[in-house]
Chemist: 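Would you mind keeping the following structure in view while I ask a few things?
No experiment lies behind these values; they were computed from the predicted model shown.
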Amino acid sequence: MVWITTKTGDGGETSLYDGTRLAKDDPLVCLYGTLDECQAFCGLARASSACGAVKERMKKLEENLFELMGVLAHSGRPMLAIAELEGWTEEAHQVCGNSFEFLLPGESAADAAFHLARTVARRAERLAVPLLRSGVVTKEQFAYINRLSDVIYALLLWERAEAKGRPGERGQRACISSNS
(Lines give C-alpha, C1' and ligand atoms only; values in the text may rest on other atoms or scores of the structure.)
Protein backbone atom coordinates (compact mmCIF):
# COMPACT_ATOMS: atom_id res chain seq x y z
CA MET A 1 0.00 0.00 0.00
CA VAL A 2 1.30 3.45 -0.96
CA TRP A 3 1.32 5.80 1.96
CA ILE A 4 3.22 9.04 1.28
CA THR A 5 5.64 8.33 -1.55
CA THR A 6 3.71 7.52 -4.71
CA LYS A 7 6.56 8.11 -7.19
CA THR A 8 3.96 9.45 -9.64
CA GLY A 9 5.53 12.92 -9.41
CA ASP A 10 9.03 11.78 -10.29
CA GLY A 11 8.53 13.04 -13.86
CA GLY A 12 7.68 16.56 -12.72
CA GLU A 13 3.89 16.21 -12.69
CA THR A 14 1.30 16.02 -9.96
CA SER A 15 -2.35 15.05 -9.84
CA LEU A 16 -5.26 17.25 -8.91
CA TYR A 17 -8.06 15.81 -6.83
CA ASP A 18 -10.06 14.94 -9.95
CA GLY A 19 -7.11 13.05 -11.49
CA THR A 20 -6.00 15.80 -13.87
CA ARG A 21 -2.22 15.75 -14.29
CA LEU A 22 -0.36 19.07 -14.24
CA ALA A 23 3.30 20.05 -14.26
CA LYS A 24 4.58 20.80 -10.78
CA ASP A 25 5.44 24.30 -11.96
CA ASP A 26 1.99 24.93 -13.45
CA PRO A 27 0.66 28.28 -12.17
CA LEU A 28 -2.30 26.56 -10.46
CA VAL A 29 0.00 24.14 -8.64
CA CYS A 30 2.22 27.07 -7.65
CA LEU A 31 -0.83 28.89 -6.29
CA TYR A 32 -2.08 26.11 -4.09
CA GLY A 33 1.49 25.33 -3.02
CA THR A 34 1.80 28.95 -1.90
CA LEU A 35 -1.52 28.68 -0.05
CA ASP A 36 -0.10 25.57 1.63
CA GLU A 37 2.87 27.68 2.80
CA CYS A 38 0.45 30.35 4.00
CA GLN A 39 -1.48 27.74 5.95
CA ALA A 40 1.73 26.55 7.64
CA PHE A 41 2.65 30.11 8.62
CA CYS A 42 -0.89 30.67 9.90
CA GLY A 43 -0.27 27.65 12.11
CA LEU A 44 2.97 29.21 13.35
CA ALA A 45 1.13 32.47 14.04
CA ARG A 46 -1.58 30.60 15.93
CA ALA A 47 1.01 28.70 17.98
CA SER A 48 2.75 32.01 18.77
CA SER A 49 -0.42 33.89 19.68
CA ALA A 50 -1.28 34.67 23.29
CA CYS A 51 -4.86 35.69 22.48
CA GLY A 52 -7.49 32.94 22.57
CA ALA A 53 -9.90 34.72 20.22
CA VAL A 54 -7.16 35.31 17.65
CA LYS A 55 -5.99 31.69 18.02
CA GLU A 56 -9.54 30.47 17.29
CA ARG A 57 -9.76 32.54 14.13
CA MET A 58 -6.30 31.50 12.95
CA LYS A 59 -7.21 27.84 13.43
CA LYS A 60 -10.38 28.36 11.40
CA LEU A 61 -8.31 30.17 8.76
CA GLU A 62 -5.97 27.16 8.59
CA GLU A 63 -8.99 24.90 8.06
CA ASN A 64 -10.40 27.27 5.43
CA LEU A 65 -7.10 27.30 3.54
CA PHE A 66 -7.18 23.50 3.46
CA GLU A 67 -10.67 23.73 1.95
CA LEU A 68 -9.58 26.42 -0.52
CA MET A 69 -6.69 24.28 -1.74
CA GLY A 70 -9.18 21.48 -2.30
CA VAL A 71 -11.44 23.80 -4.29
CA LEU A 72 -8.50 24.83 -6.47
CA ALA A 73 -7.50 21.17 -6.96
CA HIS A 74 -10.97 20.45 -8.42
CA SER A 75 -12.27 18.49 -5.45
CA GLY A 76 -15.84 19.56 -6.07
CA ARG A 77 -15.96 21.28 -2.68
CA PRO A 78 -18.07 24.44 -2.53
CA MET A 79 -16.25 27.75 -2.41
CA LEU A 80 -15.89 29.39 0.99
CA ALA A 81 -17.77 32.60 1.76
CA ILE A 82 -15.60 35.68 2.19
CA ALA A 83 -18.11 37.15 4.66
CA GLU A 84 -16.43 35.21 7.47
CA LEU A 85 -13.05 36.83 6.74
CA GLU A 86 -14.65 40.25 6.51
CA GLY A 87 -16.41 39.61 9.83
CA TRP A 88 -13.11 38.78 11.53
CA THR A 89 -11.57 41.95 10.12
CA GLU A 90 -14.47 43.96 11.55
CA GLU A 91 -14.09 42.21 14.93
CA ALA A 92 -10.41 43.19 14.95
CA HIS A 93 -11.44 46.76 14.09
CA GLN A 94 -13.77 46.79 17.11
CA VAL A 95 -10.95 45.61 19.37
CA CYS A 96 -8.33 47.97 17.95
CA GLY A 97 -10.51 50.99 17.34
CA ASN A 98 -9.78 53.32 14.46
CA SER A 99 -6.04 53.40 15.00
CA PHE A 100 -4.04 51.81 12.22
CA GLU A 101 -0.32 51.43 11.98
CA PHE A 102 2.25 49.67 9.86
CA LEU A 103 4.18 47.30 12.07
CA LEU A 104 7.70 46.01 11.86
CA PRO A 105 7.71 42.23 11.81
CA GLY A 106 10.35 41.67 14.47
CA GLU A 107 8.74 43.07 17.60
CA SER A 108 7.91 39.57 18.86
CA ALA A 109 7.88 35.98 17.64
CA ALA A 110 4.11 36.25 17.18
CA ASP A 111 4.45 39.44 15.10
CA ALA A 112 7.02 37.77 12.88
CA ALA A 113 4.83 34.69 12.39
CA PHE A 114 1.77 36.78 11.45
CA HIS A 115 3.89 38.83 9.03
CA LEU A 116 5.23 35.66 7.39
CA ALA A 117 1.67 34.38 6.92
CA ARG A 118 0.60 37.76 5.55
CA THR A 119 3.44 38.06 3.07
CA VAL A 120 2.89 34.54 1.76
CA ALA A 121 -0.81 35.41 1.35
CA ARG A 122 0.27 38.46 -0.67
CA ARG A 123 2.40 36.21 -2.88
CA ALA A 124 -0.63 33.96 -3.40
CA GLU A 125 -2.60 37.04 -4.53
CA ARG A 126 0.04 37.86 -7.12
CA LEU A 127 0.11 34.26 -8.37
CA ALA A 128 -3.68 34.22 -8.62
CA VAL A 129 -3.98 37.33 -10.83
CA PRO A 130 -2.99 35.67 -14.13
CA LEU A 131 -5.16 32.66 -13.22
CA LEU A 132 -8.09 35.02 -12.69
CA ARG A 133 -7.45 36.66 -16.06
CA SER A 134 -7.36 33.28 -17.81
CA GLY A 135 -10.48 32.00 -16.03
CA VAL A 136 -8.71 29.21 -14.11
CA VAL A 137 -9.51 30.98 -10.82
CA THR A 138 -13.01 32.41 -10.43
CA LYS A 139 -13.76 35.94 -9.21
CA GLU A 140 -15.14 34.44 -5.99
CA GLN A 141 -11.96 32.41 -5.42
CA PHE A 142 -9.78 35.43 -6.15
CA ALA A 143 -11.79 37.64 -3.79
CA TYR A 144 -11.22 35.12 -1.00
CA ILE A 145 -7.47 34.99 -1.72
CA ASN A 146 -7.43 38.80 -1.88
CA ARG A 147 -8.93 39.04 1.65
CA LEU A 148 -6.38 36.69 3.23
CA SER A 149 -3.60 39.20 3.82
CA ASP A 150 -6.11 41.75 5.12
CA VAL A 151 -7.56 39.42 7.72
CA ILE A 152 -4.15 38.14 8.78
CA TYR A 153 -2.96 41.73 9.29
CA ALA A 154 -6.16 42.61 11.16
CA LEU A 155 -5.63 39.63 13.45
CA LEU A 156 -2.02 40.73 13.99
CA LEU A 157 -3.27 44.19 15.02
CA TRP A 158 -5.74 42.51 17.40
CA GLU A 159 -2.96 40.34 18.83
CA ARG A 160 -0.70 43.38 19.23
CA ALA A 161 -3.43 45.51 20.86
CA GLU A 162 -4.11 42.77 23.40
CA ALA A 163 -0.39 42.23 24.06
CA LYS A 164 0.08 45.95 24.70
CA GLY A 165 -2.88 46.02 27.06
CA ARG A 166 -5.00 48.20 24.78
CA PRO A 167 -8.01 45.94 24.47
CA GLY A 168 -10.29 48.56 22.89
CA GLU A 169 -14.05 48.46 23.11
CA ARG A 170 -14.43 44.73 23.72
CA GLY A 171 -12.15 44.62 26.73
CA GLN A 172 -9.72 41.95 27.83
CA ARG A 173 -12.41 39.26 27.45
CA ALA A 174 -12.00 39.55 23.67
CA CYS A 175 -8.62 37.91 24.05
CA ILE A 176 -9.90 34.95 26.05
CA SER A 177 -12.49 33.52 23.69
CA SER A 178 -14.93 34.58 21.02
CA ASN A 179 -17.57 32.74 23.01
CA SER A 180 -17.14 34.98 26.07
Side-chain angles (χ1 to χ4, degrees), residues 1-49 52-92 105 110 112-156 159 178-179:
M1 177 177 152
V2 176
W3 185 53
I4 292 176
T5 304
T6 64
K7 300 180 185 176
T8 61
D10 290 352
E13 290 188 339
T14 191
S15 290
L16 299 183
Y17 188 86
D18 67 358
T20 303
R21 301 284 296 167
L22 292 176
K24 289 189 175 198
D25 62 354
D26 183 273
L28 180 60
V29 176
C30 292
L31 174 59
Y32 70 72
T34 301
L35 291 169
D36 190 24
E37 288 178 59
C38 184
Q39 180 191 42
F41 283 121
C42 284
L44 181 62
R46 178 171 59 95
S48 302
S49 175
V54 170
K55 281 177 160 305
E56 289 173 19
R57 283 151 187 82
M58 290 303 289
K59 182 176 182 184
K60 180 66 175 163
L61 187 57
E62 288 174 71
E63 293 166 353
N64 288 356
L65 285 169
F66 184 77
E67 292 295 319
L68 178 59
M69 288 182 280
V71 167
L72 294 171
H74 305 159
S75 67
R77 291 183 168 120
M79 185 53 205
L80 302 161
I82 64 170
E84 183 174 45
L85 298 184
E86 291 169 344
W88 295 342
T89 301
E90 182 53 34
E91 285 181 302
F114 278 90
H115 277 289
L116 283 168
R118 179 190 59 79
T119 59
V120 174
R122 297 280 309 272
R123 181 163 25 104
E125 290 173 36
R126 293 188 300 273
L127 290 171
V129 170
L131 295 170
L132 172 67
R133 285 189 198 128
S134 67
V136 173
V137 168
T138 68
K139 288 181 182 180
E140 183 181 32
Q141 292 165 346
F142 184 80
Y144 194 91
I145 293 166
N146 192 47
R147 297 296 186 287
L148 288 174
S149 64
D150 292 345
V151 74
I152 293 167
Y153 198 73
L155 292 172
L156 165 60
E159 173 80 21
S178 64
N179 299 325

Chemist: Please round to the nearest 0.5 Å and tell me the distance separating atom NE2 of H115 and atom CG of L156.
Modeler: 4.5 Å
Chemist: Taking side chain as C-beta onward, heavy atoms only, is L85 less than 4.5 Å from L61?
Modeler: yes
Chemist: Which of these, R57, R147, E56, M58, sits in a side-chain contact (heavy atoms from CB on, under 4.5 Å) with W88?
Modeler: R57
Chemist: So how far is it from L65 CG to Y144 OH, rounded to the nearest 0.5 Å?
Modeler: 6.0 Å
Chemist: Is there side-chain contact between I145 and L127, with heavy atoms separated by less than 4.5 Å?
Modeler: no
Chemist: Are D36 and M69 side-chain neighbours, meaning at least one heavy-atom pair lies under 4.5 Å?
Modeler: yes
Chemist: Taking the side chain as every heavy atom from C-beta outward, state whether V129 and F142 have any pair of such atoms under 4.5 Å apart.
Modeler: yes
Chemist: Quick check: are there more than 12 heavy atoms from other residues, nucleotides or ligands sitting under 6.0 Å from CZ of R122?
Modeler: no
Chemist: Can you tell me how far OG of S48 sits from NZ of K55, rounded to the nearest 0.5 angstrom?
Modeler: 7.5 Å
Chemist: Inspect the surroundings of NZ in K24 and state if more than 12 heavy atoms from other residues, nucleotides or ligands are less than 6.0 Å away.
Modeler: yes
Chemist: Working to the nearest 0.5 Å, report the span between NZ of K60 and CD of E67.
Modeler: 8.0 Å
Chemist: Distance check, rounded to the nearest 0.5 Å: N64 atom CG versus L80 atom CG?
Modeler: 5.0 Å
